[in-house]
Amino acid sequence: MKYPLLVSNPANIFYLTGVHIEARDAWVLVTEKEVHFFTDARYSDILSSLEPPIIPHEISSANPLSTHIQKILSASKSEQLYFEADNITVFELKSLKKKLTYALKPTVGLVASLRELKKEKEINAVKKACSVIDSCLADISKLLRPGLTEYDIAFKLDSWLREKGHTSAFAPIVAVDEHEIGRASCR
């Protein structure tokens with residue numbers, strides 16, 4: 001791992017912190033000794049629920065991400081900041097370059113490579129998820145009939161998961177012939 005690393009990919013943020021936030025509503029800065037979590041006031045409940053070693057920071061237009069990063073890096077005596085080059089917009093990068101006094105160094109796949117190796121706990125969680133989905137598909141397949149739209153099926157899948165106390169990592173993807181049940185195929 002290269003430090004300090006600014007993490008912007010939501011999947012990598014989830015992996016590092018256990019916090020699931022959509023799109024670009026959160027950032028994480030990983031230093032050699034600390035993990036800093038940044039988001040805005042809309043997620044104050046998440047910020048207040050974070051526990052050490054994760055350090056919460058609320059960002060706003062008056063107190064932007066760059067200000068927090070500048071303070072943290074100044075204290076750590078860093079000379080550069082690594083960032084996820086495959087998950088940052090041109091605007092975000094230009095803004096950081098303009099506001100930070102540190103050399104910005106692109107990286108690709110640092111956190112993703114950590115995610116590739118699964119611990120026993122993660123393997124068991126994947127097995128459980130597969131079992132839940134198998135049960136879901138078995139139950140939902142009994143409800144399929146001509147006239148159902150892909151949206152209807154996706155709704156049924158999502159509802160089944162919620163009723164059983166589960167969530168999905170992403171919205172269900174349902175593809176059926178010409179939007180009718182004939183030969184149903186989920187991709």
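Because the structure is a prediction, the values reported are computed rather than measured. Values below: all heavy atoms of this structure, side chains included; hydrogens, waters and symmetry mates excluded.
- Residues satisfying the salt bridge (Lys or Arg N to Asp or Glu O under 4.0 Å) criterion with Asp25, sequence neighbours excluded, are Arg42.
- Between the side chains of Thr149 and Asp152, at least one donor-acceptor pair of N or O atoms lies under 3.5 Å.
- Residue Val90 shares its hydrophobic cluster (ILVMFWY side chains chained together at separations under 4.5 Å) with no other residue.
- Hydrophobic clustering of Ile, Leu, Val, Met, Phe, Trp and Tyr side chains at less than 4.5 Å, counting indirect connections, unites Leu143 with Leu157.
- Counting heavy atoms from C-beta on, the side chains of His20 and Thr167 never come closer than 4.5 Å.
- Asn87 CG to Ile13 CD1: the interatomic distance, rounded to the nearest 0.5 Å, is 8.0 Å.
- At a threshold of 4.5 Å between non-hydrogen side-chain atoms, the residues Asn9 and Val111 do not count as touching.
- With sequence neighbours excluded, the residues forming a side-chain contact (heavy atoms from CB on, under 4.5 Å) with Leu110 are Met1, Lys2, Leu5, Thr107, listed by chain and number.
- Taking the side chain as every heavy atom from C-beta outward, Val19 and Tyr43 never approach each other to under 4.5 Å.
- Phe14 is not connected to Val7 by any chain of hydrophobic side-chain contacts under 4.5 Å among Ile, Leu, Val, Met, Phe, Trp and Tyr, and they are in different clusters.
- By the salt bridge (Lys or Arg N to Asp or Glu O under 4.0 Å) test, Arg115 pairs with no residue at all, sequence neighbours left out.
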Quick one: do Leu137 and Trp160 satisfy side chain to side chain contact (heavy atoms under 4.5 Å, CB included)? Show the steps, please. CA-CA 9 Å; Leu137 292 176; Trp160 187 98; over 6 Å; no
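- Cluster partners of Trp27, by chain and number: Leu6, Leu29, Phe38, Ile59, Leu65, Ile69, Ile72, Leu73, Leu81, Phe83, Ile88, Leu93, Leu96, Leu100, Tyr102, Leu104. The rule joins Ile, Leu, Val, Met, Phe, Trp and Tyr whenever side-chain heavy atoms lie under 4.5 Å apart.
- Expressed to the nearest 0.5 Å, how far CG of Leu16 lies from CG of Leu114 amounts to 7.5 Å.
- For Glu92, the salt bridge (Lys or Arg N to Asp or Glu O under 4.0 Å) criterion is met by Arg24, not counting sequence neighbours.
- Between the CG atom in Asp40 and the OG atom in Ser61 there is a gap of 10.0 Å [rounded to 0.5 Å].
- Atom CD1 in Ile153 sits 13.5 Å away from atom CG in Asp158 (nearest 0.5 Å).
- Formation of a donor-acceptor pair under 3.5 Å by the Glu79 side chain with backbone atoms of Ala103 is not found in this model.
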Criterion side chain to side chain contact (heavy atoms under 4.5 Å, CB included) on Ile133 and Leu161, from CA distance to verdict: CA-CA 8 Å; Ile133 291 301; Leu161 289 170; 4.2 Å; yes
